[in-house]
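Side chains are part of it too, since the values below use all heavy atoms of this structure and drop only hydrogens, waters and symmetry mates.
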Amino acid sequence: MAVRDWGAGSMTAVAPRAEQAVGRVIERIAMAMALAGGVLLSLVALMVCVSILGRQLDGIWIFGPIRGDYELVEIGSVIAVCAFLPWCQVKRGHVSVDVVANRLPERVRLSLGLLGDALIALVSFVMAWRLWAGFGEKFPYGSDALRSALGMGYRPFFPETTYELQLPIWIPYALALLGAVLFCITALYTVWRALNWVLTGQEGAP
């Protein structure tokens, strides 16, 4: 619980040691996911180059476009973006316009940062919620009772797949959902961190 230190004119942080410990864990996981997303996006870019080259050489020996390249780009890009979001949030890498904020008093500027983190936390929750709903609509397994308890809705009669490669749609949904859930957890942590910065009147290194 935050208690005002009237002599120092500031307030103590809310469980600062726990916040730092949680932050270190979240940062490591977010970094690992961002690296995995980077590898995936690099593979997608390489696949696009190979597929374009194959289209140019189509009909010559074994060359040709990669089957389902459009689907792979779409799926890979979405999963990679969701994997990048937690690292972007923990490092405060989102685009911001600070021309006015930088001229304000320190505590006011920190309060605006807290408001921004809180709004991002709300957005991240909506993203995770809607991805979970989409995942439930595509996931063809589980009993009706379990699905109802988890808010997954009714089981689909026919498992949906991509048009060309026939990949089950629920798999990319699940991988994107993983990134969205971690994004939500990270955003909630950054609200805690920003609150402590406001209470102490000093911003730490994100």
Side-chain angles (χ1 to χ4, degrees), residues 2 10-48 72-135 171-206:
S10 62
M11 300 178 71
T12 58
V14 178
R17 291 186 180 180
E19 181 244 297
Q20 292 172 6
V22 171
R24 286 192 293 269
V25 174
I26 287 179
E27 185 169 336
R28 291 193 188 107
I29 298 174
M31 179 184 290
M33 285 201 66
L35 290 173
V39 170
L40 176 60
L41 202 58
S42 298
L43 291 175
V44 168
L46 179 61
M47 183 273 298
V48 169
L72 293 174
V73 169
E74 181 180 2
I75 292 172
S77 298
V78 169
I79 295 172
V81 167
C82 289
F84 294 148
L85 287 173
W87 179 252
C88 184
Q89 176 61 17
V90 80
K91 290 298 181 180
R92 279 198 165 176
H94 296 290
V95 176
S96 61
V97 181
D98 300 326
V99 175
V100 176
N102 287 337
R103 300 176 181 271
L104 297 174
E106 181 71 7
R107 197 176 292 274
V108 175
R109 187 177 64 82
L110 293 174
S111 298
L112 290 175
L114 172 60
L115 176 61
D117 285 337
L119 291 175
I120 289 178
L122 177 62
V123 171
S124 68
F125 172 77
V126 173
M127 286 179 57
W129 168 44
R130 297 317 301 162
L131 274 172
W132 174 254
F135 171 73
I171 294 178
Y173 260 95
L175 294 174
L177 177 63
L178 180 63
V181 169
L182 182 58
F183 178 38
C184 185
I185 294 172
T186 302
L188 291 174
Y189 159 72
T190 57
V191 171
W192 181 13
R193 182 181 67 182
L195 175 61
N196 282 345
W197 288 349
V198 172
L199 294 175
T200 59
Q202 183 177 4
E203 182 176 347

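- Taking a cutoff of 4.0 Å between a charged side-chain nitrogen and a carboxylate oxygen, E106 and R109 qualify as a salt bridge.
- Residues L114 and L110 fail the side-chain proximity criterion, which asks for heavy atoms closer than 4.5 Å.
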Mind running side-chain contact (heavy atoms from CB on, under 4.5 Å) on I29 and V25 for me, showing each step along the way?
CA-CA 6 Å; I29 298 174; V25 174; 3.9 Å; yes
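- Under the 30°/60° scheme for interplanar angles, the aromatic rings of W132 and F135 are found to be tilted.
- Here the side chains of T200 and T12 are not in contact, with every heavy-atom distance at 4.5 Å or above.
- Side-chain contact between V181 and L177: present, with at least one pair of heavy atoms (C-beta onward) separated by less than 4.5 Å.
- The two residues V78 and A176 come nearest to each other via the heavy atoms CG1-CB, 4.2 Å.
- In this structure, G37 and A80 approach most closely via the heavy-atom pair O-CB, 3.7 Å.
- Within the 4.5 Å cutoff, the side chain of W87 has heavy atoms near those of the E27 side chain.
- Considering only heavy atoms from C-beta on, C82 stays 4.5 Å or farther from L178 through its side chain.
- Of the residues Q89, R193, H94, the one that meets the side-chain hydrogen bond (donor to acceptor under 3.5 Å, both in side chains) test with D117 is Q89.
- By the 4.5 Å heavy-atom criterion applied to side chains, M47 and V73 are counted as neighbours.
- Taking SG of C184 as the reference point, atom CD1 of I120 lies at 12.0 Å (rounded to 0.5 Å).
- In this structure, the side chains of L195 and L199 come closer than 4.5 Å at one or more pairs of heavy atoms.
- Note that the CD1 atom of I79 and the OH atom of Y173 stand 12.0 Å from one another [nearest 0.5 Å].
- Summarising the geometry of L188 relative to A121, their closest heavy-atom pair is CD2-CB, 4.2 Å, with the distance given to 0.1 Å.
- In terms of heavy-atom proximity, V14 sits nearest to W192 at O-NE1, 2.9 Å.
- Across all their heavy atoms, F84 and G38 have their closest contact at CE2-N, 3.3 Å.
- Side chain of R92 to main chain of T190: no donor-acceptor pair is present (N/O by atom type, distance under 3.5 Å, no hydrogens or angles).
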